[in-house]
Amino acid sequence: MTTKLRPRLLIIYTGGTIGMIENPSTHALQPFDFSHLIDNVPKVKKLGYDIDHIQFNPPIDSANMSPKHWSDIAQAIEEHYEHYDGFVVLHGTDTMAFTASALSFLLENLHKPVIITGSQLPIGEVRTDGEENLITALQVAAAIDDHGEPMVQEVAILFNDSLLRGNRSTKMSADNFNAFKSNNYPPLARIGLSITFQTDNLYRSPRHEPLTVRTSLDTGVMFLELHPGITESTLRHLLRTPDIKGVVLKTFGAGNGPSESWFTGLIREATSRGMVVLNVTQCVDGGVNDTLYETGNSLTAAGVVSGHDITSEAAITKLMYLFGLGLSADEVKRELEHALRGEVTIRR
Ligand code: ASP
């Protein structure tokens, strides 16, 4: 792996377990400030990089992460974009995949690395995974290719032994060091004795234009997860939730839902009112193939858009982003049929 002589990196510390310490009275973990975190990783100095940091004040548990925070992170990157070679975002694992997905959409024409990492154990713990994740994230953010260009030019999650595309990632484990997977897209790099980039898998923005940062996300969206036994009145109420214009419908298997007429009727009624309904599978692996079964076909006939192999996290944040651009329902539907930042593979 090659790096510049003295790469300049900015760490954006948002919180999460990586920087948490135990509250002595409740014994619950709570976020602590950056000085505590960095004091626990003296090895960072050995990298020989110029590293600055900014932090959320106060740092937060990522269960409290919101679209406003995503805009703040995106704006911080925009403000410091020219000055740094790369960015490392330290973040709780719980909603890391949502943040990675949202940032991938907000940062248009990104040509520098934005590497998100965190840990399962606080950095002050003897067996922490935080130290290794932080050091590796910094190295990945500093890596350059043979032309001296940043190796990674997208939002990625570095965790344990892999570098993954951010908007393809999902938190898979609440207690394993290997907490993230990108089931429908191969890793961007393998982290072993060395960092081995899988160059064919790296994203390159098709446009050679300057970074454009969007900050508006529309929260008028929701998940609607199917389960056997969901009733007509529940579905009717959910589809009539005030101020909701986009729904990620989490369906069975290859994108299937009940074929009973009350079900497809309610969905059709919602789509003809202008609601965007995006079909995403509940399975962690694979995607929607709505022509495989009659039960999937009937959803398409009811005006539902296929999410193909997109993750739930990317689906919901993509809807927030597209509605945030001020697009109409028909325009949003059209954009859902394209990969904007490598978040989906569309096979026809
Ligand atoms: N609750 C923590 C958070 O997401 C969990 C973690 O960081 O692993 O902030």
Side-chain angles (χ1 to χ4, degrees), residues 11-41 44 53-74 76 87-104 114-138 140-141 155-164 166-183 191 217 219 223 284 311-314 316-317 320:
I11 297 179
I12 302 172
Y13 172 50
T14 70
T17 296
I18 191 164
M20 287 189 186
I21 54 169
E22 199 177 287
N23 179 320
S25 46
T26 64
H27 299 291
L29 289 174
Q30 57 186 48
F32 207 69
D33 74 8
F34 187 77
S35 58
H36 154 78
L37 189 147
I38 207 72
D39 285 351
N40 276 283
V41 205
V44 164
H53 80 276
I54 51 179
Q55 75 160 70
F56 273 20
N57 214 348
I60 60 169
D61 187 303
S62 79
N64 290 319
M65 195 52 69
S66 69
K68 162 83 176 79
H69 293 117
W70 296 335
S71 303
D72 290 347
I73 300 171
F87 301 85
V88 170
V89 180
L90 300 180
H91 195 289
T93 58
D94 289 347
T95 60
M96 189 182 282
F98 288 91
T99 297
S101 301
L103 288 179
S104 76
V114 175
I115 312 299
I116 310 184
T117 195
S119 66
Q120 293 281 52
L121 283 178
I123 208 140
E125 298 260 333
V126 182
R127 291 183 58 250
T128 186
D129 51 332
E131 180 176 67
E132 208 174 296
N133 285 348
L134 171 58
I135 299 224
T136 312
L138 291 166
V140 165
V155 180
I157 288 183
L158 180 287
F159 221 86
N160 198 247
D161 61 2
S162 328
L163 181 73
L164 307 171
N167 57 30
R168 291 285 195 153
S169 305
T170 298
K171 183 173 180 181
M172 301 290 290
S173 171
D175 49 21
N176 199 309
F177 283 144
N178 222 353
F180 287 86
K181 287 265 174 321
S182 154
N183 288 304
I191 317 299
L217 289 153
T219 50
F223 284 128
V284 289
T311 62
S312 300
E313 294 89 337
I316 198 97
T317 51
M320 287 185 198

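Note that ligands are numbered from 1 as they come in the structure, with each ligand's atoms numbered from 1 the same way.
A tilted orientation is assigned to the rings of F34 and Y13, their planes being inclined by 30° to 60°.
The shortest N/O to N/O separation between S62 and ligand 1 falls below 3.5 Å. Of the N or O atoms in T95, none lie within a sub-3.5 Å distance of an N or O in ligand 1. Any N or O atom pair closer than 3.5 Å counts here, and K171 shares no such pair with ligand 1.
Applying the side-chain hydrogen bond (donor to acceptor under 3.5 Å, both in side chains) test to pairs two or more places apart or on separate chains, those with a residue in residues 124-136 are K43-E131. Sorted by first then second residue, the side-chain hydrogen bond (donor to acceptor under 3.5 Å, both in side chains) pairs that include residues 24-34, not counting sequence neighbours, are E22-H27, N23-S25, N23-Q30, D33-S35.
For the pair T93/T17, no side-chain contact is recorded, criterion being any heavy-atom separation below 4.5 Å from C-beta on. Side-chain atoms of V284 and K181, non-hydrogen and from C-beta on, never get closer than 4.5 Å to each other.
Counting the atoms of ligand 1 from 1 in the order shown, those under 4.0 Å from a heavy atom of G16 are 7 (O), 9 (O). When each atom of ligand 1 is checked for a heavy atom of T17 under 4.0 Å away, the hits are 2 (C), 5 (C), 6 (C), 7 (O), 8 (O).
Using a non-hydrogen distance threshold of 4.0 Å, S119 registers as a contact of ligand 1.
For atom 1 (N) of ligand 1, the closest non-hydrogen atom on the protein side is D94 OD2, 2.8 Å.
Which of I60, L29, T93 comes nearest to atom 8 (O) of ligand 1 through a heavy atom is settled by distance: it is T93.
The number of heavy atoms from other shown groups lying within 6.0 Å of CZ (F56) is above 12.
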